[in-house]
Amino acid sequence: MLQFDVGLAAGGMPIDMEKTVMTYSSELITPYTLDFGTALADPEEGEWVIYERSPAAAEDNVLQADETFTIRVKPTDPIEKREKFNIEIKPERGASLSVQRTVPAAITPNTLLY
């Protein structure tokens with residue numbers, strides 16, 4: 001499972017995360033779309049979820065200014081050591097965001113990928 005935080009750029013318009021498309025790919029895996037799962041729960045295989053909202057008082061899936069959503073992604077295939085992967089986040093409007101990382105040689109339950 002992968003986890004990262006998202007927020008709006010300064011002056012950015014709110015984004016309805018339920019209408020956001022997220023794709024996963026790696027060096028060996030053709031890009032595929034991940035399904036939006038139940039918010040505030042761990043994702044099932046092939047899903048992404050809003051795992052946490054900050055501030056916690058936010059009750060919807062619309063990312064507003066001064067909010068941060070913690071996203072969890074669970075690809076359908078295991079992520080291997082030294083594998084390069086890409087997660088592309090495409091909001092309904094505005095520019096897409098690409099998260100590209102390489103998995104280190106050793107993986108622990110809390111490996112951080114900068």
Side-chain angles (χ1 to χ4, degrees):
M1 184 168 14
L2 303 166
Q3 177 176 305
F4 54 91
D5 294 335
V6 294
L8 296 178
M13 298 295 293
I15 295 173
D16 185 348
M17 294 300 287
E18 289 185 41
K19 296 180 180 175
T20 297
V21 176
M22 204 167 298
T23 58
Y24 176 86
S25 63
S26 74
E27 295 173 310
L28 305 173
I29 299 171
T30 304
Y32 62 88
T33 301
L34 297 158
D35 297 322
F36 179 67
T38 305
L40 304 179
D42 277 333
E44 298 292 326
E45 197 171 275
E47 287 184 341
W48 69 275
V49 299
I50 299 168
Y51 183 72
E52 195 172 80
R53 297 178 180 97
S54 179
E59 296 182 14
D60 59 19
N61 293 328
V62 177
L63 184 59
Q64 305 276 351
D66 299 326
E67 286 184 335
T68 302
F69 287 176
T70 299
I71 305 296
R72 282 193 174 176
V73 175
K74 190 167 186 180
T76 56
D77 299 292
I79 301 169
E80 303 296 330
K81 298 173 186 174
R82 297 186 179 92
E83 183 177 5
K84 292 180 183 177
F85 66 88
N86 182 58
I87 297 172
E88 187 173 7
I89 306 163
K90 301 176 205 172
E92 184 178 29
R93 63 180 187 276
S96 63
L97 170 68
S98 185
V99 178
Q100 299 175 339
R101 297 288 186 271
T102 301
V103 179
I107 301 172
T108 66
N110 297 314
T111 299
L112 297 176
L113 305 175
Y114 296 101

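The figures that follow rest on heavy atoms only: side chains count, while hydrogens, waters and symmetry mates do not.
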- Message: Between S26 and I79, is there a side-chain heavy-atom distance shorter than 4.5 Å?
- Response: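 I79 does not reach S26 side chain to side chain.
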- Does any non-hydrogen side-chain atom of M17 lie less than 4.5 Å from one of I71? yes
To the nearest 0.5 angstrom, please state how far the [atom1] atom of [X] sits from the [atom2] atom of [Y].
X: I15; Y: T20; atom1: CD1; atom2: OG1; answer: 6.0 Å
X: R101; Y: E83; atom1: CZ; atom2: CD; answer: 15.0 Å
X: E47; Y: D35; atom1: CD; atom2: CG; answer: 6.0 Å

Taking distance alone, no hydrogens or angles, what donor-acceptor pairs closer than 3.5 Å link side-chain atoms of residues 1-9 to residues at least two apart or in another chain?
from : atom 1 : to  : atom 2 : distance (Å)
Q3   : OE1    : R72 : NE     : 2.6
Q3   : OE1    : R72 : NH2    : 3.0
D5   : OD1    : T70 : OG1    : 2.7

- What residue among V73, L97, T23 forms side chain to side chain contact (heavy atoms under 4.5 Å, CB included) with I87?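 The side chain to side chain contact (heavy atoms under 4.5 Å, CB included) with I87 is passed solely by V73 among V73, L97, T23.
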ILVMFWY network linking [X] to [Y], side-chain heavy atoms under 4.5 angstrom:
X: I50; Y: M22; value: yes
X: L34; Y: F69; value: yes
X: I107; Y: I29; value: yes

- Query: Would you say R53's side chain and D60's backbone share a donor-acceptor pair under 3.5 angstrom?
  - Reply: yes
- Item | Nearest atoms (heavy-atom pairs only) where R82 meets A105 |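 Between these two residues, the closest heavy atoms are NH2-CB, 3.2 Å.
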- Message: Going by salt bridge (Lys or Arg N to Asp or Glu O under 4.0 Å), name the pairs with one or both residues in residues 7-20, residues two or more places apart or in two chains.
- Response: none
- Going by the side-chain hydrogen bond (donor to acceptor under 3.5 Å, both in side chains) test, name the single residue among S96, S98, S25 that passes it with E88.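 Option passing the side-chain hydrogen bond (donor to acceptor under 3.5 Å, both in side chains) with E88: S96.
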- Query: Which residue pairs pass the ring-ring contact (aromatic ring centres under 6.0 Å, His included) test when at least one of the two sits in residues 25-45, sequence neighbours left out?
  - Reply: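 Sorted pair list: Y24-Y32, F36-W48.
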- For Y51, does the OH atom sit with more than 12 other heavy atoms under 6.0 Å from it, leaving out its own atoms?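 Check fails, neighbour count at 12 or below.
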- Taking atom CD of E44 as the centre, does the number of heavy atoms from other residues, nucleotides or ligands within less than 6.0 Å exceed 12? no
